[in-house]
Amino acid sequence: MTSEQRRLQPRKQPRQVRAELTRQRILTAAAHIFAEYGYAAGTTNRIAERARISIGSLYQYYPNKDAILAELLTRHLDGDGAVATLRRYEDLPESLETVIRTFVRVVIENHLDDPQLLRIMMEQAPRSDELLERVTRQEREMVGGLRDLFDRHAEVRVRDKDTAARLVASTVELTVHQLIASPGSIDTTRLENELVAMLTGYLRASR
């Protein structure tokens, strides 16, 4: 393990319920602190104070705030149900609009917990090789799931399904992230409807 990998790794993997609860308190406190103060001012002292533990106890679990943010980003990625949603339609596809709507809705819901924290995670979180590989693997699975769906669905008439799968995955992920994580609110129902209309229209058109 390189020094960079060690810098982003948790120091202690909890084996007891009490230790796991302490780690959860640290992560919850960090999420609130980063969202409230921003990353630069979201110090480990503030995180420890919000978690109601000593700074020494925090350092038993995480070597620095970069490792805490990396863990929050990992959990965000693990909670993304978009790929699992696509797999639900492997055997019996419903209407194209239903499938795309469900997919878009899951991606939106995955970004709603705290837009400010989401922006910090995506723009400022340290990127280890392991984390980058996880992001790449997740993107690859999403594109593959969309490509399989487009191959089977009778309503999909676009010819270049490889490019279509990449376009749909990128359009949904990047658009949802940018609009929800940016300052100011957005009507998520309208966002969902507009994305669904745009994507189904594209996929149904023969080229």
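The shortest non-hydrogen separation linking A29 to I47 is CB-O, 3.6 Å. Closest non-hydrogen pair, F150 versus K161, comes out as O-CE, 3.3 Å. Nearest heavy-atom pair, Y39 versus K65, reported as atom, atom and distance to 0.1 Å: O-NZ, 2.6 Å.
Considering only heavy atoms from C-beta on, R147 comes within 4.5 Å of D162 through its side chain. Proximity of R101 to L195: side-chain heavy atoms (C-beta onward) are nowhere separated by under 4.5 Å. Side-chain contact between I68 and Y61 is absent, with no heavy atoms from C-beta onward closer than 4.5 Å. Between E20 and R25, every side-chain heavy-atom pair lies at or beyond the 4.5 Å cut-off. Within the 4.5 Å cutoff, side-chain heavy atoms of L96 are placed close to those of R204. Put simply, the side chain of R190 reaches to within 4.5 Å of the side chain of E194, judged on heavy atoms.
Between R166 and E139, none of the side-chain N atoms (NZ, or NE/NH1/NH2) sits under 4.0 Å from a carboxylate O, so this pair counts as no salt bridge. Of the charged side-chain nitrogens involved, none lies within less than 4.0 Å of a carboxylate oxygen, so that R152 and D148 do not count as a salt-bridged pair. Between R23 and E71 there is a salt bridge, with a side-chain nitrogen of the basic residue lying less than 4.0 Å from a carboxylate oxygen of the acidic one.
The distance from the CD atom of Q178 to the CD1 atom of I186 is 10.0 Å, given to the nearest 0.5 Å. Taking OG1 of T22 as the reference point, atom CD of Q60 lies at 9.5 Å (rounded to 0.5 Å). Atom CG of residue L58 and atom CG of residue N45 lie 9.0 Å apart, to the nearest 0.5 angstrom. How far CZ of F103 is from CG of L149: 10.0 Å, rounded to the nearest 0.5 Å.
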Q: Start with the C-alpha gap between T188 and V176, add the side-chain angles, then the distance that decides, and say whether side chain to side chain contact (heavy atoms under 4.5 Å, CB included) holds.
A: CA-CA 9 Å; T188 56; V176 168; over 6 Å; no
